[in-house]
Q: 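Have a look at this one before I ask anything.
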Amino acid sequence: MLKINFFHFYISFLFIFIFISQTKGQIKGKVTDINNNAVFANIILKKALDSTVSVYSQTDSLGYYSLKIKEIGGFFIGVKSLNYTTPQKFLKIEKINEEHIINFKLQEKNIQLDEIIIKSYAPIKSRNDTITISAKAFATGNEDVIEDLMKKIPGLFVSSDGIIKYNNQEVEKVMVEGDDFFEKGYRILTKNMTAKPIDKIQILLNYSNNKLLKHIEESNKIAINLTLDEEAKRQWFGNIELGNDIFFNKFHQGRVNLMSFDKKSKYYFLGSSNSTGTDITGDLNSFTNSYSYNEPGRIGDDVKISDAINLNPDFFNFTSNRANFNDTQLISLNAIFNPNKRIKIKTNRFVNWNNENFIKTSRNIFFGNNTNFTNIESYQLNNSKLTSIGKAIINYDISKNQTITSETSYSYKTQNDKSLLDFNGESTTELLGTFSNRFNHNSIYTNKLSDKKVFLISGRIINESSQQEYNVNQVFFDELFTNIDFQPDQVNQDTNNRVFYGGINIHYLDRKSNGDLFELSLGNEYHRYQFENTFRLIESETSNQSTPINYQNSVVYILNDLNLKLKYQKEWKKKYKISGNIELHQMFNELKTSDVINQNPLFINPKLNFSYKINKNNKVGFGLFYNVTNASILDIYNNFFLTGFRSFKRGTGTFNQLDSSGGSFIYQLGNWTDKFFTSINVNYTKNHNFLSSNQQIKQNVFISERIIIKNRELLKVSTTTDYYFSKLMTNLKVKNEYNISNFTNIVNDSELRQVQNRNYNFGLELRSAFNGKFNFHLGTTFNFIKVNINDNEFSNSFTNNNSFADLSLILSELFDIQIKGEHFFFDNINGGVNNYFFLDSDIRYKPKNSRWSYSIMARNLTDTTEFKNGIIGDVSSTTIIYNLLPKYILINFKYRF
């Protein structure tokens with residue numbers, strides 16, 4: 001109860017503070033022409049003594065403007081607008097809370113000049129496919145890294161794990177001065193590089209990764225380019241940051257950034273270490289396995305293997321950093337060289353050491369098909385991992401119209417997991433060792449035959465493997481192996497998972513003079529998957545072992561895909577656009593288990609898309625598709641294999657072709673730079689054949705077998721709305737998402753069960769952009785989930801909510817304070833209601849004309865020690881309690897050079 005009241009007090013204080021901040025004085029008025037029509041203009045307030053700009057703004061669509069009064073004295077207020085006179089008026093401000101109303105009526109001017117040079121100082125400019133944003137206009141001085149700055153840019157959304165989206169679409173890459181270091185792994189950059197030298201943020205729409213495809217391929221990709229201040233170019237700069245817990249000496253963080261961005265060479269060196277639960281890399285797999293689906297010349301992006309067993313914890317509706325007791329180090333060395341105008345070489349090297357500990361307790365209530373029992377699990381999990389990655393990319397311009405790109409990468413990972421598990425009162429130890437490596441080479445040759453025609457040849461080789469050894473010192477499923485003549489007390493499983501891929505592709509694009517696009521692609525892709533496991537039951541005292549027949553697998557799955565893809569896109573009057581795609585896949589499949597099975601199916605996958613640009617601010621689009629694919633190797637192995645200390649899975653044991661069809665609808669009102677922007681997306685998919693499960697659920701064992709079921713339906717509706725209140729200098733964002741899925745499965749020999757999942761998310765955010773010392777970011781997200789079985793024969797639901805309030809207060813040029821409050825509410829988890837409140841703060845001190853800065857970083861000031869949330873499904877309801885990092889306070893020292 002105390003936490004709830006404290007949260008209410010905190011929110012009340014927040015809104016009082018906001019109200020007080022808005023009572024400062026202002027200058028407002030309206031700008032019109034002699035006919036009283038609204039005029040778009042820049043309003044500038046300059047000091048009378050030295051003509052320096054105190055504050056500026058712009059009129060809205062009705063001609064109104066508003067300026068916050070920041071200081072007293074004499075000022076000139078002026079108006080600038082193209083083709084109009086530029087009047088100015090003298091204004092004397094004696095009190096900071098005064099309100100002045102000053103209207104302007106402009107007259108048109110007729111001046112003919114040989115040359116006109118227009119310099120605009122608007123913080124956001126849009127030209128063709130590039131939106132340029134002034135970083136200084138949105139920076140408040142408390143941004144440590146680029147990710148902090150991105151969160152303040154209107155139109156960009158940064159998720160809790162660092163993924164950046166524009167208009168609900170993830171960006172392709174984040175570049176610095178036109179060069180890309182990390183591709184899809186851009187979070188390594190945005191989570192670590194200091195934001196201070198950033199001058200402009202450029203959002204690149206319809207972006208092409210291959211420069212020779214620009215204005216030829218039909219691309220909807222989005223990239224971000226960061227430009228630097230002039231003083232940051234052509235010199236080495238960076239920072240060193242050190243922080244330590246002042247009370248318990250248990251927590252630390254440190255970071256070193258060293259970089260140089262010259263025209264001929266760019267370097268970015270990073271060293272980082274922390275024990276504060278912070279994820280400093282994002283997801284390294286996004287860098288190792290960079291992908292760009294449906295891009296000309298790209299093949300094999302979806303080729304990868306998954307570990308058979310995974311002990312990593314899951315976090316539902318909660319960020320992991322508060323429960324991650326970690327000790328993490330990262331070294332990253334990255335360079336881009338331009339030896340001459342034709343060659344560009346990029347090299348990356350990463351070494352990441354990570355030791356993580358998680359503590360959680362879960363209560364699982366099972367209810368499928370007259371099943372009713374409860375399992376209680378408590379465990380302490382330690383993950384120790386070493387990841388090493390090396391990559392080199394060479395771009396060679398053979399001529400102005402011919403390029404070749406060659407990429408080679410190698411990565412390996414060793415991970416040792418240990419779980420001290422208590423299952424219904426029985427103590428158990430799990431040990432899992434994993435070693436994996438991946439080699440990848442990809443080359444693309446591009447020849448621009450003319451201004452509108454391009455020819456590409458690409459080839460790729462991937463060789464990846466993962467070996468795992470899993471040991472459990474208890475046997476919970478004795479009833480499965482009653483024919484063994486000894487009493488096993490240990491379980492062991494060795495797993496070997498491999499893939500080899502080789503592919504070649506020829507792609508031709510022809511952009512017609514009327515805007516039509518013709519594409520032809522011919523390729524052959526060879527996949528060889530191999531999955532093996534050896535399952536053993538062991539009696540430790542006698543060393544007796546048993547390898548049950550139905551629990552061993554040795555599967556080789558070969559897919560050879562000879563494919564032809566055709567696409568034609570027709571455009572009329574730059575308003576209507578229709579495109580038709582058809583893909584033909586002649587498959588040569590081979591499955592080797594105890595027998596050899598061959599199959600040669602032909603897949604025909606068509607797709608149709610239509611879009612209509614109603615006017616400048618209204619766009620609508622439709623799409624239809626039909627698709628047939630092969631099932632993956634982990635869906636077709638023929639015997640059981642162990643996936644956890646009490647769970648087994650088995651595939652279908654034969655080939656499976658899965659076909660689906662569906663449609664999409666999108667409507668967009670407004671443009672990103674408008675005050676009002678909204679989009680609606682609807683996607684419907686029907687799986688005519690899909691892989692469901694036949695589950696046997698008992699208290700000590702869970703068995704799942706893959707089965708083919710017909711007719712699963714998925715519907716997703718999402719909306720996003722942005723509105724900028726110019727008078728309040730505040731941006732409102734509203735997000736809605738509704739998902740519904742219908743499918744069938746079998747539980748404990750039941751008849752086919754009809755399962756319906758409904759999920760509704762509602763989010764609301766307010767972010768201020770005041771010119772003064774105070775800013776805020778408020779938000780709340782509701783998540784409603786309901787599971788219904790056999791038309792209300794059984795149903796379960798729950799609601800959770802996450803609200804936050806971020807306050808930024810700049811006391812002076814030397815001090816600023818950041819406060820962040822989070823509130824979590826969970827309803828109807830096993831009949832309970834749970835509220836949690838977190839409070840974090842940062843206090844920064846930056847001496848004038850000093851390269852040093854100091855801060856106090858406080859986390860979990862409410863000292864919340866555990867966090868309980870839950871999930872529901874069609875067979876169980878689970879409550880999970882996580883142990884959290886305690887309250888701590890770090891003293892940080894940062895030196896900029």
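Throughout, numbering of the chain's residues begins at 1 and tracks the sequence.
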Q: Measuring from atom CD1 of Ile198 to atom OG1 of Thr227, what distance do you get when rounded to the nearest 0.5 angstrom?
A: 7.5 Å
Q: Does Lys151 have more than 12 heavy atoms from other residues, nucleotides or ligands lying within 6.0 Å of its NZ?
A: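 Count over threshold, so yes.
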Q: Okay, side chain of Asn395, backbone of Thr405: is any donor-acceptor separation there less than 3.5 Å?
A: no
Q: Between Glu713 and Lys686, does at least one N-O distance fall below 4.0 Å, as a salt bridge requires?
A: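 Salt bridge: no.
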Q: I need the single residue from Phe665, Tyr667, Tyr684 that forms a ring-ring contact (aromatic ring centres under 6.0 Å, His included) with Phe622. Which is it?
A: Phe665
Q: Is the backbone of Asp516 close enough, under 3.5 Å, to the side chain of Asn514 for a donor and an acceptor to pair up by distance?
A: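 At least one qualifying donor-acceptor pair exists.
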Q: Could you tell me which non-hydrogen atom of Val454 sits nearest to which non-hydrogen atom of Leu456, and how far apart they are?
A: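 Distance-wise, the nearest heavy atoms are CG1-CD1, 3.8 Å.
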Q: Considering non-hydrogen atoms only, spot the tightest contact between Glu183 and Asp180 and give its length.
A: N-OD1, 2.9 Å
Q: Do side-chain atoms of Thr678 reach the backbone of Thr720 as a donor and acceptor pair under 3.5 angstrom?
A: yes
Q: Which pair of heavy atoms, one from Ile444 and one from Gly297, lies closest together, and at what distance?
A: CD1-O, 3.5 Å
Q: Going from CG on Leu566 to CD on Glu583, what distance comes out if it is rounded to the nearest 0.5 angstrom?
A: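 Reported to 0.5 Å precision, the distance equals 9.5 Å.
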Q: With no hydrogens and no angle check, is any side-chain donor or acceptor of Gln756 less than 3.5 Å from a backbone partner on Phe743?
A: no
Q: Anything under 30° is parallel, anything over 60° is perpendicular, the rest tilted; go ahead and classify Trp572 against Tyr576.
A: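 Geometry flag for Tyr576 against Trp572: perpendicular rings.
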Q: Can you name the nearest heavy-atom pair linking His688 to Ser661, along with the distance?
A: NE2-OG, 2.7 Å
Q: Please say which of Asn739, Thr781, Asn736, Asn783 ends up in a side chain to side chain donor-acceptor pair (under 3.5 Å) with Asn761.
A: Asn783
Q: Answer yes or no: is there a side-chain heavy-atom contact under 4.5 Å between Tyr207 and Lys214?
A: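 The answer is no; the side chains never approach within 4.5 Å.
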Q: Hey, is the main chain of Ile164 close enough, under 3.5 Å, to the side chain of Tyr186 for a donor-acceptor pair?
A: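 Here the side-chain-to-backbone pair exists.
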Q: Using a strict threshold of under 4.0 Å (side-chain N to carboxylate O), is an ion pair present between Lys577 and Glu218?
A: yes
Q: Which label fits Tyr760 and Tyr738: parallel for a plane angle under 30°, tilted from 30 to 60°, or perpendicular past 60°?
A: tilted
Q: Taking the six-membered ring for Trp and the full ring for Phe, Tyr or His, determine whether the centres of Tyr508 and Phe455 are under 6.0 Å apart.
A: no
Q: For the residue pair Val39 and Asp33, what are the closest heavy atoms and their distance?
A: CG2-N, 3.6 Å
Q: Counting only N and O atoms by type, is there a donor-acceptor contact under 3.5 Å from the side chain of Asp148 to the main-chain atoms of Val145?
A: yes
Q: Using only atom types and a distance under 3.5 Å, with no angle test, would you say the side chain of Ser797 pairs donor to acceptor with the backbone of Lys786?
A: no
Q: When you look at Asn210 and Thr446, which way does the side chain to side chain donor-acceptor pair (under 3.5 Å) test go after all the steps?
A: CA-CA 9 Å; Asn210 189 331; Thr446 308; 2.9 Å; yes
Q: Might you confirm whether atom NZ of Lys570 has over 12 heavy atoms from other residues, nucleotides or ligands at distances under 6.0 Å?
A: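 More than 12 heavy atoms, drawn from other residues, nucleotides or ligands, come within 6.0 Å of this atom.
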Q: Should Lys304 and Asp302 count as an ion pair when the cut-off is N to O under 4.0 Å?
A: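 The answer is no: the pair does not qualify as a salt bridge.
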Q: So, Asn683 side chain and Thr685 main chain: donor-acceptor pair closer than 3.5 Å or not?
A: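 Answer holds: no.
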Q: If I compare all heavy atoms of Asn209 with all of Glu217, which pair ends up nearest, and what's the gap?
A: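 Nearest heavy atoms, Asn209 then Glu217: N-OE2, 4.4 Å.
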Q: Checking Arg511 side chain against Gly515 main chain: does a donor-acceptor pair fall under 3.5 Å?
A: yes
Q: In Å, rounded to the nearest 0.5 Å, how long is the span from CD1 of Ile131 to CD of Gln202?
A: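 That separation rounds to 11.0 Å.
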Q: Is the side chain of Asn687 donor-acceptor paired with the backbone N or O of Phe690 at a distance under 3.5 Å, no angle test?
A: no
Q: Assess whether a salt bridge exists between Glu765 and Lys733, defined as any Lys/Arg side-chain N lying under 4.0 Å from an Asp/Glu carboxylate O.
A: no
Q: In terms of side-chain geometry, is the basic nitrogen of Lys565 or Glu519 positioned less than 4.0 Å from the acidic oxygen of its partner?
A: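 Salt bridge: no.
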Q: Between Glu295 and Lys221, does any side-chain N to carboxylate O distance fall below 4.0 Å?
A: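 Yes.
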Q: Below 4.5 Å, heavy atoms only, C-beta onward: do Leu106 and Val79 meet side chain to side chain?
A: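 Counting from C-beta outward, Leu106 and Val79 do come under 4.5 Å.
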